[in-house]
Amino acid sequence: MANNDEEAVGETIFGRMLTGQEPSRFIYEDEQCVAFDDINPTAPVHFLVIPRKPIRQLADATEEDQLLLGHLLLVGNRIAREQKRMAADGYRVVINSGHNGFQTIYHLHLHFIGGRQLGWPFG
Ligand code: 5GP
C-alpha cells in the first residue's frame, strides 16, 4: 500500500511550486489558482487545478471559500474544453480529501482526468 501520510502544513510540493521554490510548468494561472499536468497521469489527460490559498483539504474549506471553489471548477472546465478538447467526450473531476480519500498532498487540488473511457466504481 502506498504511503498517504500527511505532509506538514505549508510544506507541500504544491506550496513550493506556488512560491517558485520548486520548478513547475503551469498550463494556466490567474490570481486565485494555477493548473499543471499531473506528474503521474492516470489517463491521456490528467491535470490538477489548485488554489493559491493553502487550503489543506476540501474538508477544511469554509463558506468563505465558496466563490473560490466554484472558480476552480470553472477553470478546470475551461482548460478541458479549450486546451485538451475532452469536454465533448466527457471527463472526471476528483478531489481526494483526507486519509480515507487517499489524499497524498495536503494542498487542496482538483484532478481533471479524461481522454479515454474511465471505469466506475473505483476502489
Ligand atoms: P492526491 O492523491 O493527493 O489526490 O493526488 C496527488 C497527485 O499529485 C497525484 O496524482 C500525483 O501524481 C501528483 N503529484 C505528486 N507530486 C507531483 C509533482 O511534483 N508534480 C506534479 N505535477 N504532480 C505531482
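Ligands are counted one by one from 1 in listed order, and the atoms in each one are counted from 1 as well.
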Enquirer: In terms of residue, atom name and distance, what is the protein heavy atom nearest to atom 22 (N) of ligand 1?
Expert: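 Scanning the protein heavy atoms, the shortest distance from atom 22 (N) of ligand 1 goes to Asp37 O, 2.9 Å.
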Enquirer: Against heavy atoms of His109, which atoms of ligand 1 measure under 4.0 Å?
Expert: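 Contacts of ligand 1 toward His109, numbered from 1: 1 (P), 3 (O), 4 (O), 5 (O), 6 (C).
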Enquirer: What atoms of ligand 1 come within less than 4.0 Å of a heavy atom belonging to His111?
Expert: 1 (P), 4 (O), 5 (O), 7 (C), 10 (O)
Enquirer: How are the rings of Phe36 and Phe26 set to each other: parallel, tilted or perpendicular (split at 30° and 60°)?
Expert: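 Plane angle between 30° and 60°, so tilted.
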Enquirer: Give the numbers and elements of all ligand 1 atoms closer than 4.0 Å to a heavy atom of Phe36.
Expert: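 Reading through ligand 1 atom by atom, the close ones are 22 (N).
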Enquirer: Please check if the side chain of Gln57 supplies one atom and the backbone of Ser97 the other of a donor-acceptor pair under 3.5 Å.
Expert: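 No: the side chain of Gln57 does not pair with the backbone of Ser97.
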Enquirer: Quick one: sort the Tyr91 and Phe112 rings into parallel, tilted or perpendicular, breaks at 30° and 60°.
Expert: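 Plane angle between 30° and 60°, so tilted.
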Enquirer: I'd like to know if the side chain of His109 reaches the main chain of His107, judged simply by a donor and an acceptor atom lying under 3.5 Å from each other, with no hydrogens or angles considered.
Expert: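 Confirmed, His109 side chain pairs with His107 backbone.
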Enquirer: If you have a sec, work out which protein heavy atom is nearest atom 15 (C) of ligand 1 and how many Å separate them, to one decimal?
Expert: Ile105 CD1, 3.4 Å
Enquirer: Quick test: of every protein heavy atom, which one is nearest to atom 7 (C) of ligand 1, and how far off is it to 0.1 Å?
Expert: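 For atom 7 (C) of ligand 1, the nearest protein heavy atom is Asp38 OD2, 3.5 Å.
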Enquirer: Under 4.0 Å from ligand 1, counting heavy atoms only, is it the side chain of Phe14, its backbone, both or neither?
Expert: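 Phe14 to ligand 1: side-chain contact only, backbone stays beyond 4.0 Å.
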Enquirer: Is it true that His71 and Asp30 share a donor-acceptor pair across their side chains at a distance under 3.5 Å?
Expert: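 Their side chains do contain a donor-acceptor pair, which is all the 3.5 Å distance test asks for.
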Enquirer: Could you tell me, atom by atom, which parts of ligand 1 come under 4.0 Å of a heavy atom of Asn96?
Expert: 1 (P), 2 (O), 4 (O)
Enquirer: Would Phe102 count as a polar contact of ligand 1, with the cut-off being nitrogen or oxygen pairs under 3.5 Å?
Expert: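 Min N/O separation from ligand 1 is below 3.5 Å for Phe102.
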Enquirer: Have a look at Ile39, Asn40, Thr42, Ile13 and point out the one with the heavy atom closest to atom 21 (C) of ligand 1.
Expert: Ile39
Enquirer: What atoms of ligand 1 come within less than 4.0 Å of a heavy atom belonging to Thr104?
Expert: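 Answer, ordered by atom number: 1 (P), 2 (O), 3 (O), 5 (O), 6 (C).
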Enquirer: Just which atoms of ligand 1 are under 4.0 Å from any heavy atom in Gln103?
Expert: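 Heavy-atom distances to Gln103 below 4.0 Å select 3 (O).
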Enquirer: Pairing donors with acceptors under 3.5 angstrom, does anything connect the side chains of Gln21 and Thr19?
Expert: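 Indeed, the side chains of Gln21 and Thr19 share at least one donor-acceptor pair under 3.5 Å.
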